[in-house]
Amino acid sequence: GQQVMQIPQYQHVQEGEDFTTYCNSSTTLSNIQWYKQRPGGHPVFLIQLVKSGEVKKQKRLTFQFGEAKKNSSLHITATQTTDVGTYFCAVLTGANSKLTFGKGITLSVRP
Amino acid sequence: ETGVTQTPRHLVMGMTNKKSLKCEQHLGHNAMYWYKQSAKKPLELMFVYSLEERVENNSVPSRFSPECPNSSHLFLHLHTLQPEDSALYLCASSQEGANYGYTFGSGTRLTVV
């Protein structure tokens with residue numbers, strides 16, 4: 001099945017800095033979803049991208065789907081301590097809506 | 001509350017015990033899922049139920065037995081577990097074909113002793 005890769009698994013930033021992370025695949029993806037899991041919490045759906053080159057924004061978060069639909073990026077402008085957590089990308093495959101997750105990137109923000 | 005409720009929140013069980021995890025969704029979704037999340041592995045899909053029928057079983061050991069009596073309820077029956085089965089077990093639901101993602105419950109933190 002389709003797999004997505006997220007590297008690195010951890011990143012530390014100073015509050016106020018921008019943060020960008022990527023999700024990569026060796027095959028063309030039909031869609032990509034992003035989730036956020038706060039420490040001690042559960043994954044929460046953020047966004048779904050389906051079109052080549054699609055860009056969506058949620059306040060300080062910008063999500064982009066690559067032109068070739070083999071990668072996606074999440075950019076956070078001026079990070080805040082509330083951005084702390086693990087960000088997962090995931091791809092929905094098959095007729096039964098099977099969602100396969102990447103390993104995630106855990107973001108820590110120094111105040 | 002997310003609309004997906006899991007009980008219990010925490011569970012400690014011995015390797016010879018039998019216990020069940022419960023999940024209930026109040027969103028009118030037609031698909032439900034069990035995921036396992038352990039410290040060093042990504043979210044692992046265990047089971048998929050679509051319209052109350054099991055459509056996916058991701059090579060999960062038989063000591064885990066799912067049950068979906070109706071579209072709102074999902075159970076995971078556990079027996080003779082191993083310490084390596086200790087993990088966060090997450091239930092999720094979705095509406096197949098819709099353009100939004102899964103809704104996860106808060107999970108059951110399971111410790112096998």
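So that the names make sense, note that chain A is the first sequence line, chain B the second, and so on, each numbered from 1. The analysis underlying the following values was restricted to heavy atoms, covering all of them including side chains, and did not include hydrogens, waters or symmetry mates. If you're wondering where the values come from, they're calculated on a predicted model, not measured in any experiment.
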task: Check whether Gln37(A) gets within reach of chain B through its side chain, its backbone, both or neither, counting any heavy atom under 4.5 Å.
output: side chain
query: Should side-chain heavy atoms under 4.5 Å link Ile, Leu, Val, Met, Phe, Trp and Tyr, which residues sit in the same cluster as Met5(A)?
result: none
- request: Please check if the side chain of Thr62(A) supplies one atom and the backbone of Lys57(A) the other of a donor-acceptor pair under 3.5 Å.
  value: no
task: Looking only at non-hydrogen atoms, find the nearest pair between Phe45(A) and Tyr102(B) and report the distance.
output: CB-O, 3.8 Å
field: Tyr87(A) to Leu74(A) - nearest heavy-atom pair and separation
entry: CD2-CD2, 3.4 Å
message: Just so I understand: if I count every heavy-atom pair under 4.5 Å between each of Leu45(B), Leu90(B), Leu43(B) and chain A, which residue has the most?
response: Leu43(B)
- prompt: Is it the backbone or the side chain of Glu44(B) that comes under 4.5 Å from a heavy atom of chain A, or both, or neither?
  reply: neither
